[in-house]
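One-based numbering, in listed order, for ligands and for the atoms of each. Because the structure is predicted, anything quoted here is derived from the model rather than measured.
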Amino acid sequence: MSNSEKIKDTKVFALLMFGGIGSRFGWEKPKQFYKISNRTIVEYLVDKFVNLELFDRIVVVSPEKYIEETKKELENFKDKVYIIPGGDTREHSVWNGVSFLGTFAKEDDIVLIHDGARPLVSKEIISHNIEYAKKFGAVVTAINATDTVGYSEDGVKIDEIVPRSKIFLHQTPQTFKHKIIKSSMESEIENLHLFSDDASIVLANGYEIYYVQGSRLNFKITSQEDIALVKLFIENRIY
Ligand SMILES: Nc1ccn([C@@H]2O[C@H](COP(=O)(O)OP(=O)(O)OP(=O)(O)O)[C@@H](O)[C@H]2O)c(=O)n1
Ligand SMILES: C[C@](O)(CO)[C@H](O)COP(=O)(O)O
């Protein structure tokens with residue numbers, strides 16, 4: 001098979017990470033069930049991904065305890081998404097998704113991993129991730145630091161100022177060929193809790209990873225004060 005035939009034959013999967021319980025959000029349920037303009041965050045993001053029509057399958061990772069509630073919330077998409085249980089840390093949840101995909105993904109198929117807590121991701125960022133992952137095998141969405149960046153060993157006194165043009169803040173999607181993310185995670189299977197994103201695991205396995213331009217709008221909902229901003233953008237269709 002020629003290279004262009006291979007790329008045409010490549011399938012693209014999305015892993016939507018909703019496996020967290022939102023402890024910093026401090027609400028009665030995980031933050032994905034919070035409603036903004038009459039829709040929960042999980043429903044809003046799944047609807048966005050389904051409507052893009054870029055994915056062969058979409059897998060939603062939910063906290064085990066909330067699987068039934070997630071299914072209820074996504075009733076309208078029940079033929080379009082798989083819902084599977086997550087793990088104790090984000091990377092354990094990602095591993096559950098990556099191994100689930102192993103039952104039907106081929107080595108060069110693309111796995112796009114996105115935080116459910118970043119609902120304002122744009123179509124442009126998603127399609128650039130897919131395009132560049134097909135070309136390079138491993139890509140990460142990121143933005144440059146715009147504030148001055150200090151380094152402090154003890155968190156009290158400044159040791160140095162880090163050149164900010166070389167600092168990249170990682171967002172999601174983080175997108176990989178299935179064989180790259182699967183083999184990297186397998187070799188770190190005992191250490192998954194030590195990594196704060198998927199790229200760190202792939203980098204630890206010696207792969208080259210390339211950046212895709214992200215956006216300040218693609219921020220992660222962490223605490224309740226982030227909701228006002230998301231609401232503003234969704235209601236004014238700025239995303
Ligand atoms: N065990 C976990 C932990 C996190 N996540 C997902 O990873 C993303 C980033 O995590 P974070 O914002 O930290 O979400 P929570 O873990 O829910 O929040 P907190 O850390 O405040 O508990 C979220 O979309 C979250 O659902 C996950 O799938 N499985
Ligand atoms: C994956 C991530 O969103 C990239 O910035 C981030 O590392 C997740 O961190 P969290 O502590 O699980 O929110």
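- Look at Val61 and you'll find every heavy atom at least 4.0 Å from all atoms of ligand 1.
- Of all atoms in ligand 1, listed by their number and element, those nearer than 4.0 Å to a heavy atom of Gly116 are 24 (O).
- At least one cation-pi condition fails for Arg118 and Phe219: the charged atom is not both under 6.0 angstrom from the six-membered ring centre and inside a 45 degree cone around its axis.
- In terms of polar-atom proximity, defined here as any N/O pair under 3.5 Å, His170 does make such a contact with ligand 2.
- Checked against a 3.5 angstrom limit, the closest N/O atoms of Asp197 and ligand 2 fall outside it.
- Aromatic ring orientation, His193 versus His92: parallel (interplanar angle below 30°, classes split at 30° and 60°).
- Atoms CG and CD1, from Asn38 and Ile234 in turn, are 11.5 Å apart once rounded to the nearest 0.5 Å.
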*asked:* Run the ring-ring contact (aromatic ring centres under 6.0 Å, His included) test on Tyr207 and Phe176 for me, step by step, so that the C-alpha distance in whole Å, both residues' side-chain angles and the decisive distance to 0.1 Å come before the verdict.
replied: CA-CA 11 Å; Tyr207 287 102; Phe176 312 93; 9.1 Å; no
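- With distances taken over non-hydrogen atoms, the option nearest atom 10 (P) of ligand 2 out of Gln171, Lys220, Arg90 is Lys220.
- Within the 4.0 angstrom cut-off, atom 20 (O) of ligand 1 has one or more protein heavy-atom neighbours.
- Heavy atoms of Gly86 stay at 4.0 angstrom or farther from ligand 1.
- Salt-bridge formation is not detected for the pair Asp109/Lys177: no Lys NZ or Arg NE/NH1/NH2 atom is positioned less than 4.0 Å from an Asp or Glu carboxylate oxygen.
- Note on ligand 1: Ile21 sits in its first shell, one or more heavy atoms being nearer than 4.0 Å.
- Ranking the protein heavy atoms by distance from atom 29 (N) of ligand 1 puts Ser93 OG, 2.7 Å first.
- If you number the atoms of ligand 2 from 1 as listed, the ones under 4.0 Å from a heavy atom of Arg118 come out as 2 (C), 3 (O), 4 (C), 5 (O).
- Atom 26 (O) of ligand 1 has its closest protein heavy atom at Gly20 N, 3.0 Å.
- Using a 4.0 Å cut-off between a side-chain N of Lys or Arg and a carboxylate O of Asp or Glu, Glu186 and Lys182 qualify as a salt bridge.
- At least one side-chain heavy atom of Pro119 sits less than 4.5 Å from a side-chain heavy atom of Ile221.
- Listed by atom number, the atoms of ligand 2 under 4.0 Å from Arg24 heavy atoms are 10 (P), 11 (O), 13 (O).
- Checked against the 6.0 Å centroid threshold, Tyr132 and Tyr210 do not count as a close aromatic pair.
- Between His170 and Tyr211, the ring planes lie perpendicular to each other; the angle is over 60°, past the 30° to 60° tilted range.
- By the criterion of a heavy-atom distance under 4.0 Å, neither the backbone nor the side chain of His114 is placed next to ligand 2.
- Using a 3.5 Å distance cut-off with no hydrogens or angles, the side chains of Ser183 and Asn205 do not pair a donor with an acceptor.
- Under 4.0 Å is where a charged nitrogen must lie from a carboxylate oxygen, and between Asp197 and Arg90 no such pair does.
- Every atom of ligand 2 with a heavy atom of Ser196 under 4.0 Å away is listed here by number and element: 1 (C), 6 (C), 7 (O), 8 (C).
- Closest to atom 23 (C) of ligand 1 by heavy atom, among Glu64, Met17, Lys220, is Met17.
- Note on ligand 1: Lys31 sits in its first shell, one or more heavy atoms being nearer than 4.0 Å.
- Ligand-side atoms of ligand 2 in range of Asp115: 1 (C), 2 (C), 3 (O), range being under 4.0 angstrom from any heavy atom.
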